[in-house]
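Throughout, a chain's letter reflects where its sequence line sits, starting with A, and its residues are numbered from 1.
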Number of protein chains: 6
Amino acid sequence: MKIKVIVPVIGEGFLEPTKNEAEKYSSEKTTIDVENLAYGTASIEDYYDEMLVAPDILRIVKEAESDGFDGVFIDCFGDPALDAARELVEIPIVGPGSISMHIASELAHRFSVITVLEDILPLIEDMAYKTGVGKKLASVRSVDIPVLGLEDEEKLMKNLIKESKKSIEKDGAHAIVLGCTGMMGITEKIEKELNNMGYQVPVIYPVAVAIQYLEFLNSIDISHSKRTYRTPPEKERNVYESLK
Amino acid sequence: MKIKVIVPVIGEGFLEPTKNEAEKYSSEKTTIDVENLAYGTASIEDYYDEMLVAPDILRIVKEAESDGFDGVFIDCFGDPALDAARELVEIPIVGPGSISMHIASELAHRFSVITVLEDILPLIEDMAYKTGVGKKLASVRSVDIPVLGLEDEEKLMKNLIKESKKSIEKDGAHAIVLGCTGMMGITEKIEKELNNMGYQVPVIYPVAVAIQYLEFLNSIDISHSKRTYRTPPEKERNVYESLK
Amino acid sequence: MKIKVIVPVIGEGFLEPTKNEAEKYSSEKTTIDVENLAYGTASIEDYYDEMLVAPDILRIVKEAESDGFDGVFIDCFGDPALDAARELVEIPIVGPGSISMHIASELAHRFSVITVLEDILPLIEDMAYKTGVGKKLASVRSVDIPVLGLEDEEKLMKNLIKESKKSIEKDGAHAIVLGCTGMMGITEKIEKELNNMGYQVPVIYPVAVAIQYLEFLNSIDISHSKRTYRTPPEKERNVYESLK
Amino acid sequence: MKIKVIVPVIGEGFLEPTKNEAEKYSSEKTTIDVENLAYGTASIEDYYDEMLVAPDILRIVKEAESDGFDGVFIDCFGDPALDAARELVEIPIVGPGSISMHIASELAHRFSVITVLEDILPLIEDMAYKTGVGKKLASVRSVDIPVLGLEDEEKLMKNLIKESKKSIEKDGAHAIVLGCTGMMGITEKIEKELNNMGYQVPVIYPVAVAIQYLEFLNSIDISHSKRTYRTPPEKERNVYESLK
Amino acid sequence: MKIKVIVPVIGEGFLEPTKNEAEKYSSEKTTIDVENLAYGTASIEDYYDEMLVAPDILRIVKEAESDGFDGVFIDCFGDPALDAARELVEIPIVGPGSISMHIASELAHRFSVITVLEDILPLIEDMAYKTGVGKKLASVRSVDIPVLGLEDEEKLMKNLIKESKKSIEKDGAHAIVLGCTGMMGITEKIEKELNNMGYQVPVIYPVAVAIQYLEFLNSIDISHSKRTYRTPPEKERNVYESLK
Amino acid sequence: MKIKVIVPVIGEGFLEPTKNEAEKYSSEKTTIDVENLAYGTASIEDYYDEMLVAPDILRIVKEAESDGFDGVFIDCFGDPALDAARELVEIPIVGPGSISMHIASELAHRFSVITVLEDILPLIEDMAYKTGVGKKLASVRSVDIPVLGLEDEEKLMKNLIKESKKSIEKDGAHAIVLGCTGMMGITEKIEKELNNMGYQVPVIYPVAVAIQYLEFLNSIDISHSKRTYRTPPEKERNVYESLK
């Protein structure tokens with residue numbers, strides 16, 4: 001299948017590593033195309049950024065369907081513009097946050113999300129309730145590192161372990177969901193280290209989940225409900241030519 | 001107080017009637033300023049339109065605070081860009097949907113929302129859960145008339161009465177919330193007609209509620225929690241000059 | 001508008017300060033009439049006191065409607081006799097607890113109530129669920145001071161700050177609701193002090209909210225649902241002559 | 001054990017039949033004492049009546065404990081004054097509504113309550129959520145007969161069967177709870193008739209449940225939590241001499 | 001009445017003490033018959049053991065009905081095979097877990113369960129939600145002693161007190177439910193000791209509750225809903241001859 | 001990967017068609033091994049059958065791990081023995097019911113399950129709540145055909161369409177989940193026919209979902225939480241030699 005990965009920020013720094021990660025978790029027959037935004041923000045850390053990046057995400061989603069892609073992965077844990085994108089097209093659109101929380105709910109009694117900044121906690125809690133698994137959410141915690149500081153792997157690892165431990169001990173989590181798609185290449189290390197500390201919990205990496213979920217949907221030939229995500233009626237819209 | 005009313009669509013047709021309604025429900029000392037979007041859509045009837053209108057709403061919100069307004073009313077029942085707007089500023093920002101549902105919950109055991117099109121039902125149900133009163137929502141029903149067809153008052157009245165009756169009889173509603181701010185000038189007529197049919201239920205008009213709520217917040221000098229809606233950190237944002 | 005404020009205890013000590021607070025938060029055109037109970041208890045701190053004060057509250061509510069008042073404020077956070085009062089009359093009856101919790105839910109992701117004694121915690125939690133915002137309640141905490149000891153402002157301030165801090169840090173509250181209408185004249189001080197400690201959270205004062213809510217309901221000419229609060233059928237009742 | 005049954009209305013008409021029913025469902029060693037109110041209402045059909053009967057119920061509860069009774073049954077499905085009564089004493093106090101809903105939840109996937117008038121529906125729904133089994137409540141329906149008209153057994157039977165059938169077919173009930181303690185002497189007939197119609201559902205009679213529950217609590221020597229229902233602090237109370 | 005108590009393990013060590021406890025809490029007219037499993041496990045501490053003991057429990061339940069017993073008590077807090085047993089017969093079948101949690105919910109604002117091992121926490125939380133009182137569950141804690149180590153009464157007492165205290169102080173419990181039927185003969189001691197520490201909370205002993213509940217159901221001649229627990233259709237089943 | 005499919009009934013009739021379906025939805029590199037029970041029941045239609053088939057399922061699960069299988073699919077919508085199986089081993093064990101309901105929740109606002117007989121409705125509702133998506137369940141309906149009658153495809157199709165239509169129109173479903181793994185080879189036909197009737201909803205086939213989910217878990221190298229599903233301690237168990 002042909003997957004379009006939208007890296008929904010204006011910088012190009014995440015393009016290469018994201019492509020590598022996406023290819024690592026996709027099957028051989030799948031081709032990955034990565035694209036960032038022309039208009040948006042440097043990173044997404046609140047409702048505000050989610051709103052600013054939405055129109056350009058929608059433009060790319062629309063073009064992806066026209067260009068024959070079989071599915072789109074919006075590569076940000078907060079699932080920006082996901083509902084609107086599903087209204088706009090019929091091919092599967094995947095946001096990593098919702099599906100990662102469903103997988104965590106299926107594999108464990110309760111899970112915690114460890115995200116970047118405390119600013120985004122309400123947004124993630126609301127996502128959990130909206131997608132239907134709020135009851136399974138033990139807590140949302142943060143490593144207190146902005147997206148653009150995640151390249152400091154040592155600090156990231158240290159804080160992820162610390163917050164995971166609190167999630168397990170204090171909040172009763174039985175699984176950990178990495179709450180930012182920028183936390184790349186460390187899932188196995190985290191899981192192993194928690195395991196060594198006596199915590200046998202799955203650590204869920206949203207990029208891997210999202211790519212595999214697109215292949216899953218493609219294999220069983222299913223997509224989102226057009227009764228939930230109805231095609232928008234035509235009307236005057238002057239944001240992008242392609243989105244009228 | 002000085003209230004900025006954002007009519008979050010690109011057409012100018014709603015400006016005049018909205019100003020009249022807002023002035024009707026505000027106190028004498030309040031001044032109302034109405035503004036529509038430079039970029040957006042002709043009406044808002046799905047998640048898609050909500051995303052397209054958000055950036056320009058945020059631009060106006062930001063400018064409104066700079067220009068000394070004491071509060072902003074985003075005049076669309078779906079509360080587009082509300083969370084992001086509250087992150088951006090400290091003055092009260094009111095979306096009519098959330099507060100109308102809270103008032104309905106306080107005045108009645110259960111309420112129904114009657115909106116324009118069936119397309120928007122999931123969005124309104126999700127809003128009710130997000131703002132905390134999902135348990136009080138009896139149902140969401142629609143008059144099956146697009147926003148730009150609401151000027152046919154006869155049809156609107158007929159369908160509102162029909163759907164209100166179903167909400168009361170079948171879904172157990174004890175209050176009716178009009179689910180579109182474009183349903184202007186008919187609240188009392190609806191309430192009276194339902195009353196004549198033996199249904200003593202309040203009919204809640206979101207424009208009136210939103211304007212009065214802004215005055216309420218102003219009088220007790222309170223605004224949204226900046227711990228929930230944290231001020232976005234500075235970063236590169238290339239959507240609008242004013243929104244970096 | 002003409003507002004009747006019922007101070008639902010037998011002592012007269014709260015009459016004067018309550019009148020001052022109510023007038024402070026009402027508009028110029030509003031007149032405030034304050035009345036205490038002939039039969040009841042010296043303060044309200046449990047379900048027991050709520051039951052003992054109810055009949056005399058209902059007598060005054062009934063008389064207030066006959067006397068032409070436009071609304072009644074039952075000045076106790078536990079909303080004693082509120083449901084029954086709404087059954088009895090058609091003018092708006094406001095209990096400060098329910099509406100304060102709705103406003104807190106609208107302004108913040110989650111809120112805590114800080115009340116007088118631990119005895120009343122279950123009652124307040126049940127109120128939150130009954131009025132529909134249980135999901136938004138982070139916690140109920142107490143200052144461990146009885147109503148009749150609240151005049152020790154220093155101790156009250158100290159304990160309110162301490163418990164607010166715990167609510168924010170441990171329970172995840174993003175707004176604080178003062179859980180007793182006897183906590184007068186300190187809201188802004190609390191909010192300011194919390195602000196200085198780095199907690200930008202609204203502090204909600206139920207007396208101010210209740211008075212403003214009555215003006216709000218009056219302005220948009222709406223009252224409680226008589227389908228929820230049906231007028232009691234006539235029957236023999238020998239408690240008060242006026243309440244048969 | 002010695003049980004005090006409070007028939008919480010002012011008339012004496014229910015005393016004799018209630019005593020008979022209570023004795024029918026109690027063991028030989030139990031003695032039943034029945035008492036009605038000196039001050040209150042002729043029947044209880046809304047929040048209003050619940051408030052008016054509460055003080056005199058509390059007086060009798062207090063006296064019952066002093067007089068050496070081992071438990072009190074407040075004989076009205078709406079459990080008037082139950083919380084306050086439990087605060088006041090340490091002997092078990094039983095309201096038929098809460099415990100009947102718990103038993104129904106234990107015996108069936110979901111249950112419906114069939115009560116007297118539509119006026120009392122919100123009260124019963126709120127009770128179910130408060131006592132913790134709201135999720136198990138399929139519906140509340142009414143026979144549309146006031147308490148003082150229940151002696152028309154033919155009409156009562158007909159409407160109970162009709163509403164039970166709707167509860168089962170439309171609302172998915174698997175058990176029926178009679179929602180008024182005045183529906184005496186018909187439980188088995190209802191259950192048998194529903195059985196003949198192919199509905200094998202238990203019909204739960206609150207008077208039988210309450211009496212048996214008091215014996216149950218007595219046998220295992222347990223009572224309500226005084227941490228939930230804390231003993232009210234002493235203070236001035238001028239309603240009854242005995243209730244200061 | 002004739003009660004069959006199934007001690008659902010293969011060892012005989014629990015037979016004698018269980019019989020004594022059951023007789024202690026039953027009335028004089030009741031006869032108790034105790035039986036253990038021919039095939040199963042030495043104790044039940046996870047979903048796995050629950051599955052292995054189920055078929056032999058069902059065989060005994062089926063035989064008990066044929067042999068004229070009036071009710072069956074499956075003596076394990078996890079209520080193994082309870083739903084299936086109720087499908088199989090019409091006489092009341094009682095699992096101690098569900099009914100103990102309902103009684104705790106009726107007597108207190110919130111309760112905690114103190115069980116044997118942490119392994120069984122998810123199972124008990126799921127039980128609470130399934131039987132309808134999940135909202136009332138403050139927490140599940142464990143004494144960290146396996147079932148077959150409970151005879152060390154000193155250690156058991158110490159840990160039960162420690163965990164009960166945490167449940168009350170940290171989790172807000174107002175009642176304690178002993179979460180294993182093997183915790184015999186210590187309920188009053190625990191309650192007394194907690195009382196001495198200032199915690200006036202009921203301690204609920206599931207064996208006493210289950211036996212009394214069977215007598216309760218027998219007295220009011222009621223059993224589980226056969227609409228919930230429908231009689232299984234005949235088909236080929238080769239597990240036990242008696243269970244085809 | 002090597003997948004063991006357990007057809008958890010004693011007959012061999014489902015082996016061949018199940019193998020075909022599993023191979024249809026698996027990738028080329030995956031090998032499928034199908035096995036039925038030595039001891040159990042001819043079909044599974046209630047809690048009773050779920051209990052009787054559990055021990056032999058667990059035996060096969062245990063052997064599958066020893067034999068080097070990479071995952072196990074328990075081929076019955078009710079997910080019999082799923083929790084216990086996950087306790088017993090570390091390789092992924094998939095029950096089709098839970099994961100199908102999560103996928104439906106992710107793709108649609110609300111979903112309905114259409115199962116075989118009304119007997120199994122409570123079981124499926126409880127599953128939805130237990131796995132965390134109860135809020136997303138619009139309804140459970142049945143085609144009123146036993147498992148062993150599903151080969152009458154015409155009748156099955158007719159009833160599935162009829163009940164799907166009711167689920168969409170009356171219960172507000174936006175996706176349909178086939179509630180029995182024996183409903184083979186008709187998913188696309190159902191989806192197409194509903195589409196022709198104007199209902200653009202995904203129809204989810206649990207066999208396809210389960211097989212693809214096993215490959216998904218295998219690809220991202222993740223399994224269930226051993227903190228939720230702890231390995232059972234060793235003890236005497238006399239059901240099967242291999243399960244001590």
Residues in residues 180-207 of chain F that sit under 4.5 Å from chain D, counting heavy atoms only:
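So far as heavy atoms go, nothing in residues 180-207 of chain F approaches chain D to under 4.5 Å.
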
Residues from residues 105-132 of chain F approaching chain D under 4.5 Å (heavy atoms):
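So the qualifying residues are F/Pro122, F/Glu125, F/Asp126, F/Tyr129.
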
Is it the case that over 12 heavy atoms from other parts of the model lie below 6.0 angstrom from the [atom1] atom of [X]?
X: F/Glu236; atom1: CD; value: no
X: D/Lys166; atom1: NZ; value: yes
X: D/Glu169; atom1: CD; value: yes
X: D/Asn20; atom1: CG; value: yes

